Q: 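Handing you this structure, nothing more for now.
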Amino acid sequence: MSKVATRFAPSPTGPLHIGGVRTALFNWLFSKNNKGKFYLRIEDTDKERSKEEYKKQIIDSLNWIGVYHDDKEYIQSKNINKHKEIAEELLKNDFAYKCYCSEEEIKEQKEKCKKKGIAYVYNRKWRDPKDLKIPQNIKPVIRFKSKISGNSVVKDLVQGEINIGNSIIEDFIILRQDGSPTYQLSAVVDDHLMNITHVIRGDDHKINTFKQKQIYEAMKWNVPEFAHIPLIHSEKGSKLSKRDKASTIDDYIKIGILSDALRNYLLRLGWSHKDKEIFSLDESINLFNLKGIGKSPSKLDMSRILSINEHYIKHMDEKILFKFLKIYSQKYKKSIDTSKEETLIKSINFLKNKAKTLEDIYKNSEYILKDNIEISAEDFKLLDNSSKNIVKDFLNEFEKMSKITKENLEKTVNGLIDKHKTNFKGVGQPLRIVLTGSRFGPGIYNIILSLNKDVVIKRLKN
RNA sequence: GGUCCCAUCGUCUAACGGUUAGGACAGAUGGUUUUCAAUCAUCUAAUCGGGGUUCGAUUCCCCGUGGGACCGCCA
């Protein structure tokens with residue numbers, strides 16, 4: 001068998017959503033698992049809607065999640081002449097024919113079918129043009145001569161055998177009136193030229209397989225294997241569209257999802273290996289197979305993405321995590337001041353304990369990053385006179401403290417609890433509010449230990 | 001409407017035709033003598049319905065029901 005080659009072939013007519021990313025990931029994993037190749041083909045033959053920025057977005061998204069294509073990306077539009085040649089060849093060999101139907105004529109047929117409540121299939125008028133007069137004012141399209149009777153079977157590596165009556169496959173257009181090739185033709189020709197062995201794509205292409213297979217056969221080309229993976233559904237339960245929010249990679253990066261986490265999530269969405277939930281990159285490559293792909297569509301679940309992300313954050317080396325945080329802050333928040341870096345690295349282990357995302361860590365770190373603490377009106381109300389006295393007392397003790405250690409802080413706080421006849425909350429909460437501007441956050445000792453002595457004093461004095 | 005596909009806890013899913021139907025996320029409860037978390041322990045929760053085949057169906061077959069995809073001179 002020839003070397004495994006897969007491809008991902010998006011059209012750059014909109015931002016890639018994570019359904020597409022998953023398809024690419026599966027293709028990539030499958031090729032890596034088989035020590036084969038993975039190619040990217042940009043299907044930009046729709047000139048009107050294709051945009052360079054989307055092409056860039058697609059490649060960025062794939063790279064971000066760790067999917068890199070072999071060779072340069074293929075640009076489909078550069079290959080149009082070859083596609084046309086093949087159309088001519090099909091025409092010459094009587095596998096295709098010119099159709100002179102006007103657009104009105106087709107429209108009329110469609111409406112008729114709709115009225116009758118039957119599926120529209122082109123009536124094959126020009127398949128046998130014996131008694132027809134060729135109109136002078138119409139440029140023909142070229143249609144493929146599809147099988148009329150019998151059944152066709154595709155052995156799908158995910159779906160199993162799919163059987164379909166040939167009569168419902170119409171004589172589809174392979175060359176438009178303006179002479180440009182359509183998707184059905186271009187995809188087949190390119191896949192053939194690229195020596196693609198396995199076409200792994202969304203479920204929505206299933207019917208196309210029956211058209212495309214006929215082109216392969218007419219050209220006497222090897223037919224690749226097909227695997228149609230179920231689509232990802234939105235939370236509403238329908239096909240993920242470009243309009244759904246939180247569906248592009250960028251939406252996840254923005255809230256601080258790690259690429260390892262999203263890759264792991266996507267891998268497990270529609271694919272499984274026993275009870276295993278967490279897969280390293282190497283494990284993914286080694287264990288991935290088409291057998292593990294389920295047949296039913298799956299829904300996006302944000303809480304699960306967050307949970308996996310949390311897992312990766314918890315298990316990540318602090319320096320590496322800081323690097324991610326730094327990059328994240330730079331891009332989506334405020335850049336981290338270099339003077340604060342050391343403090344942050346030191347503190348990241350307790351800052352991350354309360355976080356599901358990089359954004360959470362950033363928020364937890366804000367009391368370190370910000371020079372001025374703002375206290376919300378609501379929190380300010382909690383600072384009554386007795387709380388203020390506690391803060392004052394603490395400040396006195398703190399200034400006298402020879403060495404700031406957890407033990408010394410504990411001693412001081414316990415002393416204040418006794419003195420003011422209160423509990424830990426009575427002391428801890430006002431201190432936290434004054435030091436961080438929030439009722440919530442890390443443990444109070446961690447907060448104090450992570451800040452410089454003079455910063456603590458300054459904040460307490462306010 | 002036609003064609004095709006799919007169907008296990010709320011969600012992602014596991015289970016050579018024989019399991020008390022398992023795990024994970026979410027949810028609930030309790031413990032950890034500061035908040036929010038985290039953590040630990042425990043719990044709730046599913047084979048869409050009806051027929052077959054079989055000693056025995058989540059698993060195989062048929063019929064319903066529900067959901068989805070496709071039905072472009074888009075890809």
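Values below: all heavy atoms of this structure, side chains included; hydrogens, waters and symmetry mates excluded. Bear in mind the structure is a predicted one, so any value in this text is a computation, not a measurement. Sequence lines set the chain letters: A, B, ... in the order given, protein chains first and strands last, and positions in each chain run from 1.
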Q: Taking only the side-chain heavy atoms of A:Ile444 (C-beta and beyond), determine which of B:A38, B:U34, B:U3 contains the nearest atom.
A: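 Per side-chain heavy atoms of A:Ile444, the pick is B:U34.
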Q: Under 4.0 Å between a side-chain N or O of A:Thr45 and OP1 or OP2 of B:A75?
A: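 It does, given that an N or O in the side chain of A:Thr45 lies less than 4.0 Å from OP1 or OP2 of B:A75.
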Q: Aromatic contact between A:Trp126 and A:Tyr97, with the criterion being ring centroids under 6.0 Å apart: yes or no?
A: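 No, the ring centres sit 6.0 Å or more apart.
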Q: Report yes if a donor N or O on one partner sits less than 3.5 Å from an acceptor N or O on the other, where the partners are the side chain of A:Arg304 and the base of B:A26; otherwise report no.
A: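 Answer is no: no donor-acceptor pair is held.
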Q: Mind listing the N/O atom pairs, protein and nucleotides 62-66 of chain B, below 3.5 Å?
A:
none

Q: Output a table of nitrogen or oxygen pairs between the protein and nucleotides 19-22 of chain B separated by less than 3.5 Å.
A:
from	atom 1	to	atom 2	distance (Å)
B:G22	N2	A:Asp275	OD1	2.8

Q: Heavy atom of residues 350-357 of chain A under 4.0 Å from RNA chain B: which residues?
A: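 A:Asn353, A:Lys354, A:Lys356 - these, ordered by number, are the residues of the stretch whose heavy atoms sit under 4.0 Å from the strand.
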Q: Between A:Lys239 and B:C70, is there a contact of a side-chain N or O with OP1 or OP2 at under 4.0 Å?
A: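 Looking at the OP1 and OP2 atoms of B:C70, one of them is under 4.0 Å from a side-chain N or O of A:Lys239.
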Q: Inspect the contact between A:Glu310 and A:Lys314 and indicate whether a charged nitrogen and a carboxylate oxygen are less than 4.0 angstrom apart.
A: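 Yes, A:Lys314 and A:Glu310 are salt-bridged.
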Q: Judged by each residue's nearest nucleotide on RNA chain B, which is more toward the 5′ side, A:Thr182 or A:Ile168?
A: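 Upstream on the strand: A:Ile168.
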Q: Please state whether the phosphate of B:A75, meaning OP1 or OP2, lies under 4.0 angstrom from any side-chain nitrogen or oxygen of A:Thr13.
A: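 No, no such contact exists.
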Q: Please list, in numerical order, the residues of residues 291-298 of chain A that have a heavy atom closer than 4.0 Å to any atom of RNA chain B.
A: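 Hits under 4.0 Å, by residue number: A:Lys295, A:Ser296, A:Ser298.
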Q: Using atom CG of A:Asn208 as one end and atom C1' of B:C73 as the other, report the distance to the nearest whole Å.
A: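 Rounded to the whole Å, the gap is 15 Å.
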Q: Distances under 3.5 Å only, N/O to N/O: pair up the protein atoms with those of nucleotides 44-46 of chain B.
A:
none

Q: Relative to A:Tyr367, does A:Lys370 satisfy both conditions: NZ or CZ under 6.0 angstrom from the six-membered ring centre, and within 45 degrees of the ring's axis?
A: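 Checked: cation-pi criterion not met.
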Q: Mind jotting down which residue pairs meet the side-chain hydrogen bond (donor to acceptor under 3.5 Å, both in side chains) criterion with at least one end in residues 285-300 of chain A? Sequence neighbours excluded, please.
A: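 The answer is A:Trp271-A:Asn289.
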Q: Determine which nucleotide pairs with B:A75, using a 3.5 Å limit on both distances of a Watson-Crick or G-U wobble pair.
A: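 For B:A75, the partner nucleotide comes out as none, under the 3.5 Å rule.
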